[in-house]
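FYI, side chains are in, hydrogens and waters are out, and symmetry mates aren't considered; it's all heavy atoms of this structure. Each ligand, and each atom within it, is numbered from 1 in the order the structure gives. Position 1 is the first residue of the sequence; numbering continues from there.
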Amino acid sequence: MDKFVIKGGVALHGEIATSGAKNSALPVLAATLLTSEPVSLRRIPRVRDIRTMLKLIENIGARVEVSGDTVRIEAGEIVSPEAPYELVKTMRASSLVLGPLVARAGRARVSLPGGCAIGARPVNLHLSGLEQLGARIHQVHGYIEAEAPGGLRGAPIQFDRITVTGTEDLMMAAVLARGETVLENAAREPEVLDLAELLIQMGAKIEGAGSSTIRIQGVARLGAAAHTIISDRIEAGTFLVAGAMTGGDLTVTNCVPEHLGALIGKMRQAGIGIEQTGTGELRVRGTRALRSVDMTTEEYPGFPTDLQAQYMALMTQAEGIAIVKENIFENRFMHAQELARMGANIRLEGRQAIVAGPRELSGAQVIASDLRASASLVLAALVARGETTIDRVYHIDRGYEKIEEKLAGVGAQIRRA
Ligand code: EPU
């Protein structure tokens, strides 16, 4: 199993580029199952979750051609409308094929995802939404079986709580349903809007994506399209924190600054200089006088849970006490113990982490437990005295494209072993 070996203490300087967003690419790839015509997608990040999704849609019957970061998919026929356990267990986002399969093929069999390192992560809202669109759902042998032989019909759906992939799954189901669907309390993440833009290009009738009410008029069929995925705001945010923490001067390119408002706000409050230097470019400069600032994760446009672990690493270097509250997932503090092993002072109280700083961190052997937790360990290692070894970096490979090459390019002493 791969490890990262990182020598800390080097300030990062230069330019670092953002890749396409994993969490946009995943639903967009699932959406290609809605049409028999070819869909061409650019800026698909080369990360492990994407390879898993490509395998999944190939299994279902699509023809997949990859060339660099462009992927061309033609799902001429749905051969097997199924997502097996072997794939779902490594990537929960596999449940994103549920909506497209029921909509296009009238049936789907998708393994139920189990719990994961960050919480229980049920899919009840995806299922009740599909039932409201007329699907019959059974759970047998660990699988969800959904059927709508006569096709889905539009309906008003009010989400009990905001769910990102739930909104995406139901939007994809509703585009081929008869009549109108209105999704209320929908997720407003930029990735939902990106998916809607692809679907609209394919011929779907969608209004309001990016707001909490999405209106969809079903159409009989969808067709070919070409689309470029948005930038990964979580990767860009991770780089901004890396530049600030190491006291460097880093320009993050190919990003969308408007998608990073909550993080930039908190970093500025903490005393960090961040400015937009060009289109899609943010320059960050570290400060010696980093101040602690409390933070609570929320749905977009609030502070993203996917940057909570990285923010916690940053706060270990700030003067004072920061209360970091996790509102989205019930168990997303696995990194706290590992950061503590490196010398951080973090106390957990239910959904809150109380971080007291600044603390000098020292290199240690640590274990990556999930994707974003691993990113926070990389950040901590970049400022720690001595050498850190991070085990199980396959977690980080799920969602960060060549992170060690990108960081090494701006001066970090990081290698894969
Ligand atoms: N929830 C339910 N029932 C459902 C669905 C969700 O109770 O049917 C709960 C979840 O347990 C959670 C909350 O609602 O407590 C929000 O979960 P959401 O459904 O929004 O999360 P998700 O769609 O499964 C996506 C991202 C995650 C990101 C979350 C929150 C993708 C592929 N995944 O997950 O990304 O953390 O939204 O923003 O888009 C990551 O990239 O590291 C990652 C975990």
Original post:
Hey, is ligand 1 close enough to E189 that some N/O pair sits below 3.5 Å?
Top reply: no

Original post:
How far is atom 19 (O) of ligand 1 from its nearest protein heavy atom, and which residue and atom is that?
Top reply: T163 OG1, 2.7 Å

Original post:
What is the closest protein heavy atom to atom 3 (N) of ligand 1, and at what distance does it sit?
Top reply: N124 OD1, 2.7 Å

Subject >> Nearest non-hydrogen protein atom, atom 24 (O) of ligand 1 >> reply: R121 NH2, 3.0 Å

**OP:** Starting from atom 26 (C) of ligand 1, locate the nearest protein heavy atom and write down its residue, its atom name and how far away it is, to 0.1 Å.
**Re:** N23 ND2, 3.6 Å

Subject >> Residue and atom name of the nearest protein heavy atom (relative to atom 21 (O) of ligand 1), distance in Å to one decimal >> reply: F329 CZ, 3.9 Å

Subject >> Proximity of R161 to ligand 1 by residue part, where a heavy atom lies under 4.0 Å >> reply: side chain

Subject >> Test log, rule side-chain contact (heavy atoms from CB on, under 4.5 Å), inputs S95 and H126 >> reply: CA-CA 9 Å; S95 47; H126 301 227; 4.3 Å; yes

Original post:
Do any heavy atoms of I234 fall under 4.0 Å from ligand 1?
Top reply: no

Original post:
Does V355 reach the side chain of N345, with side-chain heavy atoms less than 4.5 Å apart?
Top reply: no

Original post:
Looking only at N/O atoms, are A93 and ligand 1 under 3.5 Å apart anywhere?
Top reply: no

Original post:
Does a side chain donor of either D370 or H335 reach within less than 3.5 Å of an acceptor in the other side chain?
Top reply: no

Original post:
Taking atom types as modelled, is there a side-chain donor on E326 or T305 under 3.5 Å from an acceptor on the other?
Top reply: yes

**OP:** Quick one: look up the protein heavy atom nearest atom 38 (O) of ligand 1 and list residue, atom name and how far away it is.
**Re:** T305 CG2, 3.8 Å

Subject >> Proximal atoms of ligand 1 relative to K22 (non-hydrogen, under 4.0 Å) >> reply: 40 (C), 41 (O)

Subject >> Qualifying residues under side-chain hydrogen bond (donor to acceptor under 3.5 Å, both in side chains), relative to T228, sequence neighbours excluded >> reply: R42

Original post:
Under 3.5 Å, N or O to N or O, is I328 touching ligand 1 that way?
Top reply: yes

Original post:
So which heavy atom in the protein is nearest atom 8 (O) of ligand 1, and how far is it from that ligand atom?
Top reply: L125 N, 2.7 Å

Subject >> Structural part of L371 in contact with ligand 1, heavy atom criterion under 4.0 angstrom >> reply: side chain

Subject >> R372, any N or O under 3.5 Å of ligand 1 N or O >> reply: yes

Original post:
At a 4.0 Å cut-off, with the gap strictly under it, does some heavy atom of R332 reach an atom of ligand 1?
Top reply: yes

**OP:** Give yes or no for whether the N/O distance cutoff of 3.5 Å, strictly under, is met between L96 and ligand 1.
**Re:** no

**OP:** Kindly confirm or rule out an N or O of T165 lying under 3.5 angstrom from an N or O of ligand 1.
**Re:** yes

Residues 128-157 side chain polar contacts: donor-acceptor under 3.5 Å, at least two apart:
residue	atom	partner	partner atom	Å
S128	OG	N124	O	3.3
Q132	NE2	S128	O	3.2
R136	NH2	E147	OE1	3.3
Y143	OH	Y85	N	2.9
E145	OE2	R109	NE	3.1

Original post:
Quick one: nearest non-hydrogen protein atom to atom 36 (O) of ligand 1, plus distance?
Top reply: D306 OD1, 2.6 Å

**OP:** Please say whether V164 places an N or O atom under 3.5 Å from an N or O atom belonging to ligand 1.
**Re:** yes

Subject >> Contacting atoms of ligand 1, where contact means under 4.0 angstrom from a heavy atom of H126 >> reply: 8 (O)

Original post:
Taking the side chain as C-beta and beyond, is there a heavy-atom pair between L379 and V383 under 4.5 Å?
Top reply: no

**OP:** Examine the side chains of S19 and E401 and answer whether a donor and an acceptor come within less than 3.5 Å of each other.
**Re:** yes

**OP:** Closest by any non-hydrogen atom to atom 5 (C) of ligand 1: pick that one out of P122, G399, G129.
**Re:** P122

Original post:
Can you check side-chain contact (heavy atoms from CB on, under 4.5 Å) on F4 and I396, steps first, answer last?
Top reply: CA-CA 10 Å; F4 281 161; I396 208 164; 3.7 Å; yes

Original post:
Any chance the side chains of Y400 and R372 put a donor and an acceptor closer than 3.5 Å?
Top reply: yes

**OP:** Test E404 against K406 for salt bridge (charged side-chain N to carboxylate O under 4.0 Å, His left out), laying out the working first.
**Re:** CA-CA 5 Å; E404 75 280 23; K406 289 191 184 187; over 6 Å; no

Original post:
Side chains of E15 and V410: closer than 4.5 Å at any heavy-atom pair?
Top reply: no

Original post:
Between I60 and E58, is any pair of side-chain heavy atoms under 4.5 Å apart?
Top reply: no

